[in-house]
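The block underneath contains the structure these notes are about, expressed in structure tokens.
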Amino acid sequence: MIQKIVVVGAGTMGHGIAEVAALSGFRVGVIDVSWDFLNRAKDRIKESVVRLYEKGQLKEKAEDILARIEFNTSYDIAKDADFAIEAVPENLELKKKVFTTLDEIAPPHAILATNTSSIPISDIAEATKRKEKVIGMHFFNPPVIMKLVEVIPSKYTSEDVTNITVDLAKKMNKIPVRLKYEIPGFVSNRIFIRLLQEACREVESGEETIEEVDSAARNKLKLPMGLFELADYVGLDVVVDIWNVLTTRGTPDVKCSMYRNKVNEKNLGVKTGKGFYSYPSPGKYSKVQLPNESKTDPAKLISLAVNEASWMIENQIVNAKDVDTVMIYGFNFPKGLLEMADELGLDNIYKYLKEIYAKGYEAYKPTSILEKMVNERKLGKKTGEGFYKY
Ligand code: 3HC
């Protein structure tokens, strides 16, 4: 039975995951390299728990929840851990070090999970002597608010460990989506990056402006944030890391340099106070102002992401419902991506894919299942069938 969870890395994701674990009744240990990081995490967790308490969303007192969390720069607090979640920066060598240390210190029964958004779980597992007990447990920012957790078994992970992790996600009041097997970027970030790539292509080719794209995302697709705004929120360095992992592991690239340029300028988004937009101070997000009107066609904006989703369905990694669960609970979409595609018309989506593919963008080549749906007049809501039946 899992009683104590240790989180390694107290940054944006780590502190939030630790908070979620404490809110769900677990004893929690947070480890980081300096007391500066730990104290900052302590303050952020306190602020968030107090906010939830004041809104009447907690059954316990804020102090009781906070008292369950211990902080330390030493891994000694992992000695009695049943489950560990690593959330350190996206660097394989660093992650391997963390896993080797956890493997030495945590008890033999402990499961070691990584919250990586891009690094292959199997590569991380190879740093331990318990490869079958290493798994991906991918949370979304902000972890306290976002309901989704992707559970990703590596080629070594045992079925038991996968089941325990799915169960733990439920005990943490999250909605788990379990991948059949590991693919770079998982489901969430493959779709996320495709949305950002098309946004970028539209702006760099002069078809739209950043504000027009973001206005369409917010006002037409009803997403909580614009796409460039979301990239700023997640961190442009993180975006570029995921992008690189995808393209170096076989996903066709979309030539576009806007995100990379921002990283080169050291403007990483909300965390540095400036990215595509400016924020009140480093680390402090506030909603960006956008025009109400925009000429951007939402069918074009989601076309590449829909193609990616249909690739994952074609390869039996997930089904349409799973894709939509990921986007609703991981990104707060008001409805699923494929539900949106069905509403906007698969013939429309297909038309844009063909058009952009013809300009030399390999990634836009429509998948066979999308082509088949269009040929069979399964165009979505208007013909009674698309990804779903109506
Ligand atoms: N603790 C407690 N409560 C919090 C909180 C926190 N840390 N952060 C926000 N909240 C609460 C607020 O108090 C507010 O509650 P209320 O409605 O009762 O007043 C509610 O959440 C909404 O927050 P705000 O009013 O401050 O701001 P918004 O309405 O603009 O919502 C948002 C902010 C929830 C972040 C929303 O914009 C959103 O859902 N954005 C999309 C986020 C997203 O897509 N995340 C996934 C990124 S991808 C990822 O993480 C994967 C990685 O691998 C890259």
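Quantities reported herein were computed from a predicted structural model and do not represent experimental measurements. Positions are given from 1, in the same order as the sequence printed here. Read the numbers this way: they start at 1 and go in the same order the structure lists the ligands and their atoms.
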Rounded distance (nearest 0.5 Å) linking atom OG of Ser24 with atom NZ of Lys170: 14.5 Å
Any protein heavy atom < 4.0 Å from atom 20 (C) of ligand 1: no
Applying a strict 4.0 Å limit to heavy atoms, is Glu19 in contact with ligand 1? no
Quick one: are Val240 and Asn244 in side-chain contact, heavy atoms under 4.5 Å? yes
May I ask you to identify the nearest protein heavy atom to atom 49 (C) of ligand 1, giving residue, atom name and distance to one decimal place in Å? Phe140 CD2, 3.6 Å
At a 4.0 Å threshold, what atoms of ligand 1 neighbour a non-hydrogen atom of Ser117? 53 (O)
salt_bridge(Asp123, Arg249) N-O dist < 4.0 Å: yes
Just by distance, no angles: are the side chains of Glu86 and Thr114 close enough, under 3.5 Å, to form a donor-acceptor pair? yes
Donor-acceptor side-chain pairing of Thr162 and Thr165 below 3.5 angstrom: no
Below 4.0 angstrom from a heavy atom of Met146, which ligand 1 atoms are there? Numbered from 1 as shown, please. 42 (C), 43 (C), 45 (N)
Heavy atoms of the protein only: does one fall short of 4.0 Å from atom 7 (N) of ligand 1? yes
Heavy-atom contact under 4.0 Å between Gly330 and ligand 1? yes
Judged by modelled atom types alone, do Ser257 and Glu204 share a side-chain donor-acceptor pair under 3.5 Å? yes
Run down the list Val239, Leu230, Leu148, Asn189 and name the one with the heavy atom closest to atom 43 (C) of ligand 1. Leu230
For atom 37 (O) of ligand 1, find the nearest protein heavy atom and state the residue, atom name and distance (0.1 Å precision). Met225 CE, 3.4 Å
Could you pull out all residues at least two apart from Glu90 that satisfy salt bridge (charged side-chain N to carboxylate O under 4.0 Å, His left out)? Lys95
With atoms numbered from 1 as shown, which atoms in ligand 1 lie under 4.0 angstrom from a non-hydrogen atom of Asn332? 38 (C), 39 (O)
What residue and heavy atom of the protein are closest to atom 52 (C) of ligand 1, and at what distance? His138 NE2, 3.7 Å
Backbone, side chain, both or neither: what part of Arg44 comes under 4.0 angstrom of ligand 1, heavy atoms only? neither
Backbone or side-chain N or O of Tyr285 under 3.5 Å from ligand 1 N or O: no
Considering heavy atoms of the protein only, find what lies nearest to atom 48 (S) of ligand 1 and give residue, atom and distance to 0.1 Å. Phe331 CE2, 3.5 Å
Would you verify that at least one protein heavy atom lies under 4.0 Å from atom 32 (C) of ligand 1, or report that none does? no
Going through the checks in order, is the ring-ring contact (aromatic ring centres under 6.0 Å, His included) test met by Phe140 and Phe331? CA-CA 8 Å; Phe140 291 77; Phe331 295 83; 5.6 Å; yes
Ignoring hydrogens, tell whether any protein atom lies closer than 4.0 Å to atom 23 (O) of ligand 1; use the non-hydrogen atoms only. no
Under the 4.0 Å line, does any protein heavy atom show up next to atom 15 (O) of ligand 1? yes
Residue and atom name of the nearest protein heavy atom (relative to atom 38 (C) of ligand 1), distance in Å to one decimal: Pro224 CB, 3.6 Å
Under 3.5 Å, is there a donor-acceptor pair linking the side chains of Glu202 and Thr296? no
Heavy-atom protein contact below 4.0 Å for atom 41 (C) of ligand 1: yes
Among all the protein's non-hydrogen atoms, which is closest to atom 28 (P) of ligand 1, and how far away is it? Lys287 NZ, 4.7 Å
Can Tyr285 and Glu229 be counted as having a side-chain donor-acceptor contact under 3.5 angstrom? yes
Just to be sure I'm reading this right: ignoring hydrogens, which of Ile145, Val234, Val144 gets closest to atom 3 (N) of ligand 1? Compare them by their nearest heavy atoms. Ile145
Write out the residue and atom name of the closest protein heavy atom to atom 5 (C) of ligand 1, then the distance separating them to 0.1 Å. Arg51 NH2, 3.6 Å
Any N or O on Tyr233 sitting closer than 3.5 Å to an N or O of ligand 1? no
So is Arg260 actually on top of Trp243's ring, under 6.0 Å and inside 45° of the axis? yes
Got the closest protein heavy atom to atom 17 (O) of ligand 1, with its distance? Lys55 NZ, 4.7 Å
May I ask whether Phe139 and Ile69 are part of the same hydrophobic cluster, defined by side-chain heavy atoms of I, L, V, M, F, W, Y residues being less than 4.5 angstrom apart, directly or through others? yes
Does this structure show an ion pair linking Lys300 with Glu208, if we count only N-O contacts that are shorter than 4.0 Å? yes
Got more than 12 heavy atoms from elsewhere within 6.0 Å of NZ, Lys295? yes
